[in-house]
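Right, one structure below, let's go through it.
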Amino acid sequence: MTEAPAPEFVIREYLREHLMPHFLCPGCGHGIALRALLWAVHELGITKDRLAIVSGIGCSGRIGAYVDANTFHVTHGRPLAFATGLKLARPDLEVVVITGDGDCLAIGGNHLIHACRRNLNITCMMLNNEVYGMTGGQVSPTTSNSRYTTTTPLGNFEPTFDACALAEGAGAGFVGREITLQTPALKNLLREGLAYPGFAFIEVISDCTEIYGRKNDLGNSAEMVLSQKAAARPDVYTNSVDRPFRPNQLRTGVLARKDRPEYAAARQRHLQSLGNVE
Amino acid sequence: MTTGTPKEVITAAALTAPSARAQERPTNVLIVGVGGQGVIMISKVIALLCERQDLDVKQSEVHGMSKRGGSVFSHLRFGQRVYSPTIPIGEADVLVALEWAEGLRWLPFLNPETGTFLADTQQLIPPFSCRSRKPGAVTNYARHTVAEVAGKVPNCFATDASRMAAELGNARAANTILLGMLSTALDFPEQEWLTVIEQLVPKKTIGANLRAFAAGRTWVEQHDPAAMHAEAPAVFPAAADLGDYVARSAPEINAAWCKGCEICVKFCPERCLFMNDRQVAELKDPDLCTRCRVCERLCPDFAITLHRLDA
Ligand code: SF4
Ligand code: SF4
């Protein structure tokens with residue numbers, strides 16, 4: 001309270017304003033997630049020159065381009081691979097990967113598990129809207145049971161991936177999940193992830209109003225955002241709520257935090273032990 | 001908490017001998033505050049002290065609504081014989097208040113001739129005293145300053161114990177500072193207080209609590225109740241200070257970026273936004289806006305801005 005307050009977060013200072021308004025559909029949760037990310041960046045005092053955003057293909061991949069920082073829009077599913085190279089070459093950069101459920105879990109699934117395994121100091125924000133929105137609404141690895149998409153006209157029957165459990169199992173040092181409706185909580189989670197010295201995987205529950213929502217009759221944007229709240233089960237709710245009435249509830253908050261050797265440091269140590277110092 | 005004294009039959013003679021009974025009159029300590037401040041802890045300390053001195057002690061507390069900052073109080077009576085656990089109005093020898101307004105609420109219980117009022121001037125403003133949700137708006141919180149109260153009670157010692165505790169490194173030890181202050185008003189040896197505190201507080205916090213106790217004790221020793229008049233009064237924002245507040249605060253909506261998703265309209269808690277006939281969000285009533293920023297944070301198109309107030 002006594003220290004001078006940091007300048008307030010004004011998102012325009014972080015946007016390429018000439019590209020705005022952005023291309024996302026009305027009510028798309030990705031915009032809210034981007035705000036939370038930039039807000040966290042602002043609070044950590046990361047300058048735009050030090051921020052590098054790497055994104056893949058899809059609606060999620062496009063949002064990186066609106067950030068007035070170093071941005072790379074790379075091939076489908078490969079942002080984590082590009083980011084790994086970037087972080088190793090330029091350790092001074094704060095590397096953030098923005099990816100989607102299809103980009104990260106299907107096409108880039110292999111890159112995800114190996115990024116988790118290596119535990120390089122990058123932050124991966126995966127926007128989960130349960131569908132391939134940009135390419136016309138195909139089923140994705142996180143599409144809920146019995147939902148309609150263009151490729152599941154009779155309803156989806158495939159089991160879904162729990163992305164956080166996957167990342168944790170593959171060894172990610174920091175794993176968290178949050179909904180876009182709780183923007184300040186999402187900001188705090190992203191801030192924690194950015195500050196974590198290792199691979200931070202953060203799943204953001206987003207909403208695709210126009211394609212997924214429309215096809216499945218999930219209501220307007222406000223209703224879709226609100227429904228996230230009904231599904232979420234924040235990690236602060238322990239004890240009584242730990243035995244939920246609805247077993248499918250999504251756990252949110254920090255789901256895992258481990259103390260594992262960071263990849264770049266481990267690599268450096270290994271080279272040193274060989275007398276081959278860079 | 002009651003120590004075992006067998007129930008005695010009170011004879012009519014005993015009731016009509018006021019002078020003899022007055023000597024036996026128990027000491028009354030009333031401790032008040034809000035949930036989570038440690039009211040009960042203070043009364044436990046005194047009760048244990050009394051037990052160690054072989055005094056009869058009775059305690060009665062209400063803490064039902066305490067979980068969310070609701071009122072908590074504890075009546076504590078000790079002496080050779082204590083019959084009733086509650087303190088009658090006007091008979092508390094010491095009133096210990098862990099929160100300023102709670103202290104004021106219980107002042108009628110203080111003995112008007114000899115009572116001692118020990119208070120933390122910390123203000124915990126309850127939500128229902130905020131009619132307007134605008135930041136910095138006038139609240140209905142008690143407006144009495146320390147100087148005003150000091151002029152009306154026999155002995156008044158009021159200080160910002162919470163800040164003192166925070167400066168000592170543990171803001172939660174404010175109640176122990178009050179205990180230190182209280183130790184000067186009750187007739188128990190200092191060492192007894194320290195022993196009981198050590199026994200009652202969690203092991204890790206013994207050091208912090210003993211430091212807080214000493215700070216409270218020294219503070220009273222160094223202060224003359226008469227000087228309390230000079231103590232800085234609590235500061236309240238005057239209605240006039242809010243002047244042009246609304247004009248500067250209303251959110252700006254960038255119509256060119258708005259895609260008409262209606263999220264802001266549906267989520268604004270004050271209902272001050274609406275969709276105009278071009279399906280663009282518009283501000284209906286800037287006076288209603290409390291700058292809660294829900295609309296700004298949820299607009300997926302960054303179309304809403306609440307400008308910095310300091311500009
Ligand atoms: S800041 Fe936005 S949501 Fe909050 S009261 Fe004002 S218009 Fe409504
Ligand atoms: S939330 Fe933003 S885009 Fe949606 S209606 Fe409001 S101002 Fe327009």
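The chains referred to below are lettered A, B, ... by the order of the sequence lines, with proteins before strands, and numbering in each begins at 1.
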Q) So does B:F267 have more than 12 non-hydrogen atoms from other groups sitting under 6.0 Å from CZ? A) yes
Q. Is B:R172 atom CZ crowded by more than 12 heavy atoms from other residues, nucleotides or ligands, each under 6.0 Å away?
A. no
Q. How far does OG1 of B:T305 sit from CD1 of A:I11, to the nearest 0.5 angstrom?
A. 9.5 Å
Q. Is chain B contacted by the side chain of A:T183, its backbone, both, or neither, given a heavy-atom distance below 4.5 Å?
A. side chain
Q) Taking only residues two or more places apart in sequence or in another chain, which ones pass side-chain contact (heavy atoms from CB on, under 4.5 Å) with B:E167? A) B:R163
Q | B:I263 side, atom CD1; A:N220 side, atom CG - distance, nearest 0.5 Å | A | 8.5 Å
Q) Between CG of A:L186 and CZ of B:R297, what distance do you get to the nearest 0.5 Å? A) 12.0 Å
Q) Would one find more than 12 heavy atoms of other residues, nucleotides or ligands at under 6.0 Å from atom NZ of A:K48? A) yes
Q | side-chain contact (heavy atoms from CB on, under 4.5 Å) partners for A:M134, two or more places apart | A | A:F23, A:C59, A:R62
Q.
Once rounded to the nearest 0.5 Å, what's the spacing between atom NZ of B:K259 and atom CD of A:E210?
A. 10.5 Å
Q | Interface residues of residues 28-41 of chain A facing chain B - heavy atom cut-off under 4.5 Å | A | A:C28, A:G31, A:I32, A:L34, A:R35, A:W39
Q: Tabulate, in ascending numerical order, the residues of residues 13-21 of chain A having at least one heavy atom closer than 4.5 Å to a heavy atom of chain B, or enter 'none'.
A: A:E13, A:L15, A:E17, A:M20, A:P21
Q) For A:T209, is it the side chain, the backbone, both, or neither that has a heavy atom closer than 4.5 Å to a heavy atom of chain B? A) neither
Q) Does B:F302 offer a backbone N or O that forms a donor-acceptor pair with the side chain of A:H22 under 3.5 Å? A) no
Q | Closest non-hydrogen atom pair between B:C261 and A:G27, with its separation | A | CB-N, 3.3 Å
